[in-house]
Amino acid sequence: MAQMTMIQAITDAMRTELKNDENVLVFGEDVGQNGGVFRATEGLQKEYGEDRVFDTPLAESGIIGLSVGLSTQGFRPVPEIQFFGFVYEAMDAINGQAARMRYRSGGTKNIPITIRSPFGGGVHTPELHADSLEGLIAQQPGVRVVIPSTPYDAKGLLISSIRNNDPVVYLEHMKLYRSFRGEVPEEEYTVDLDKADIKREGSDITLIAYGAMVHSALKAADELEKEGINAEVIDLRTVSPVDYDTIIESVKKTNRVVMIQEAQRQAGIGGQVMSEIQERAILHLEAPVLRVTAPDTVYPFTAAEEVWLPDHQDIIEKAKQAINF
Amino acid sequence: MLKNSIEDIENQFEIIQILNEEGEIVNKEEMPDLSDDDLKELMRRMVYTRVLDQRSIALNRQGRLGFYAPTAGQEASQLGSQFAIEKEDYLLPAYRDVPQLIWQGLPLSKAFLFSRGHFKGNQMPEGVNAMSPQIIIGAQYIQAAGVGLGLKKRGEKAIAITYTGDGGASQGDFYEGINFAGAYKANNVFVVQNNQFAISVPVEKQSAANTVAQKSVAAGIPGVRVDGMDVLAVYKAVRDARERAINGEGPSLIETVTYRYGPHTMAGDDPTRYRTEELDDEWEKKDPLIRFRKYLEAKGLWSEEEENKTIETAKEEIKAAIKEADGVEKQKVTDLISIMHEELPANLKEQMEEYKEKESK
């Protein structure tokens, strides 16, 4: 098995599907000769030609609208939005169009579009490059939101997303791109969509996270272990729709939950998960479900991001609150 | 610096007409190659569609139709352009472009179901390459570029045709659509039906540009401005543009200068708030049916009898189609849940059970 960074695993997934299915097209701003601003599409144009891996004019709504059109001709578009902060330009194209195409065709048209996009804070990007905007898409029926946290999941989830006949927004946390390596099989494999993963088993408290926060939760769990608190860490992996079966099973075991997200507190994935937990398992709870989030301000690019972003200390604090409730 | 003459650019986009208001051919070189049967069929479709418009307005008032955007005045623009495309072409209509969908093969009963919001109205029959009418102004333009690029990649001798209005030409997606298609030399024909008003806002207030067609210049694609009340001019422009596209020469932009006689939609728009009777009268003199009827009658190709026969057929078919639409089972929430995804995700599986239970009561 190879050791890969997350970005290598993502490139590998695209290469795998470009090879497997001639209908797969990879495109976006700078994805061609340049290989993407993060090099996610490095070498793909050379390998598969300009017909299948190509640059687009600079317009996000155009890129996603183009994908909707291409899908009518049997293609499986894998467009890139260069930074997810630019998604506002494509909100109609995603939520108003791609997500509704199956409905708008009375269930007759496949919309196998996988929109890839880097997001997430901590890497000193300019304004509107780092924001966690997954909640905007998660509110829209008809589209999935997938967020991997490891190189292994990144490859398997991306292959599953590309093979799925409904639209998927696949978000790649920039801080995870090259910060560590993990084991990734060179052969093809899939990781199921809509399934959460228990990244660490534990019995005293459940920490639910996704994206980079999974690693903060794991770090917090290691620290808590030293104090005799045995935390379970669930990685949602698909944040819309959420896998409540895995969560509820864990809650029934630990009876305590901390929900963690990098996004602001209001109207996010976390709030939704917490309300479902109380609706489905309130009698199993020994403490209120607590949460760790960023504050309800806009993302403060660069200057204050380190203090703005939630970290493992915040998680430890909330976990102790839940334990001592 | 800044010495380009906008006037010089705009002068290249004078309105092209083939058939004048008196029903005379005024531009022989551009006369399209249409048989007598084709000419009669075009007339039949325009008359039929005018009847359909009148009946749809009446049905809407009776509460038997839902959303409806009147079409009278735009028959030449809508049907001349549709007549110029082939079955293998792909149609991306806006909400007023239901007639093109019908003549491309959408059964009338389905058009009525679409108006009522029933999902079966969105299911295109096998062999009808089209999307349902677009509601968001301009979104269809960029999707059309994708369809056109897809057709090009597949090596198809077919095009994607899409429509918007004068208001739509102000939307970002309009420019993104023509620009993307131009950059990829995609198989596209873009039509702007300039009917003078975007709901209430006159075209003069949309832009400093005096024509929509000149916007093609910025995208580096050919543009043409035709008399949108002249079915022959519209047909010829679209046919030429289609030919260019299937020959790999890329997309074109066609502005059809036309007028909507009725309100924007049947949902409470009152055109007397923004249009004068004089303006309505002026445009009604340009009516596409009157001039084409004169032309065909002079050629001995059309008669009052044929006109009446067409009107009667239209009325009968509309009546039968409404009956058919009435007979379709009412849409349930479970139907809606079942068409959101290829396979139901867990949340919708739960909700499906909940609604099945509710609907069984």
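Chain A is the first sequence line, chain B the second, and so forth, proteins listed ahead of strands; every chain is numbered from 1. Since this is a predicted model, take the numbers as computed values, not measurements.
Residue A/E276 qualifies as enclosed at atom CD: its count of foreign heavy atoms under 6.0 Å is above 12. Sparse packing is recorded around NZ of A/K46, with 12 or fewer heavy atoms of other residues, nucleotides or ligands lying under 6.0 Å away. Crowding of B/E86 atom CD: a count of heavy atoms from other residues, nucleotides or ligands under 6.0 Å exceeding 12. The local environment of CD in A/E249 is sparse, with at most 12 non-hydrogen atoms from other residues, nucleotides or ligands closer than 6.0 Å. Crowding of A/F86 atom CZ: a count of heavy atoms from other residues, nucleotides or ligands under 6.0 Å exceeding 12.
Using a 4.5 Å cut-off between heavy atoms, B/Y141 does not touch chain A at all. Interface remark: A/D51 contributes backbone and side-chain atoms alike to the contact with chain B (heavy atom separation under 4.5 Å). Neither the backbone nor the side chain of B/Y175 comes within contact range of chain A; no heavy atoms are under 4.5 Å apart. Neither the backbone nor the side chain of A/V242 comes within contact range of chain B; no heavy atom of the residue lies under 4.5 Å from a heavy atom of that chain. Heavy atoms of A/T56 lying under 4.5 Å from chain B belong to its backbone as well as its side chain. Contacts of B/Q134 with chain A are made by side-chain atoms alone, with heavy-atom separations under 4.5 Å and no backbone atom involved. Interface residue B/A130: only backbone heavy atoms are found under 4.5 Å from chain A. Both the backbone and the side chain of B/A145 have a heavy atom closer than 4.5 Å to some heavy atom of chain A. Only the side chain of A/T108 comes within contact range of chain B, judged by heavy atoms closer than 4.5 Å. Both the backbone and the side chain of A/N165 come within contact range of chain B, judged by heavy atoms closer than 4.5 Å. For a residue to count as touching a neighbouring chain, one of its non-hydrogen atoms must lie under 4.5 Å from one of that chain's; by this rule A/I63 touches chain B with backbone and side chain alike. The contact between B/Q143 and chain A is made by backbone and side chain atoms together, counting heavy-atom distances below 4.5 Å.
With A/Q73 contributing its side chain and B/L151 its backbone, the two residues share no donor-acceptor pair below 3.5 Å.
The side-chain heavy atoms of A/R104 and B/F119, taken from C-beta on, include no pair separated by under 4.5 Å. The shortest side-chain heavy-atom distance between B/E342 and A/N164 does not fall under the 4.5 Å cut-off. Contact of the A/R144 side chain with the B/P345 side chain is registered, since non-hydrogen atoms from C-beta on lie closer than 4.5 Å. Contact annotation: the side chain of A/Y244 never approaches that of B/N347 to less than 4.5 Å [non-hydrogen atoms, C-beta and beyond].
Both cation-pi conditions hold for B/K153 and A/F54: the charged atom is under 6.0 angstrom from the six-membered ring centre and inside a 45 degree cone around its axis.
When all heavy atoms are compared, the tightest approach of B/A139 to A/D92 is CB-OD2, 3.7 Å. Closest non-hydrogen pair, B/D173 versus A/S61, comes out as OD1-OG, 2.6 Å. In plain terms, the two heavy atoms of B/Y184 and A/P57 that are nearest each other are OH-CD, 3.7 Å. The two residues A/D166 and B/M340 make their nearest non-hydrogen contact at OD1-O, 4.5 Å.
Counting heavy-atom pairs under 4.5 Å between each of B/H341, B/Q123, B/E176, B/E343 and chain A puts B/H341 at the top. Listed options A/G74, A/G65, A/P167, A/G107 were ranked by heavy-atom pairs under 4.5 angstrom with chain B; first place goes to A/G65.
Counting only N and O atoms by type, the side chains of B/N122 and A/S105 include no donor and acceptor under 3.5 Å apart.
Salt bridge A/R280/B/E350: present, at least one basic N to carboxylate O contact under 4.0 Å.
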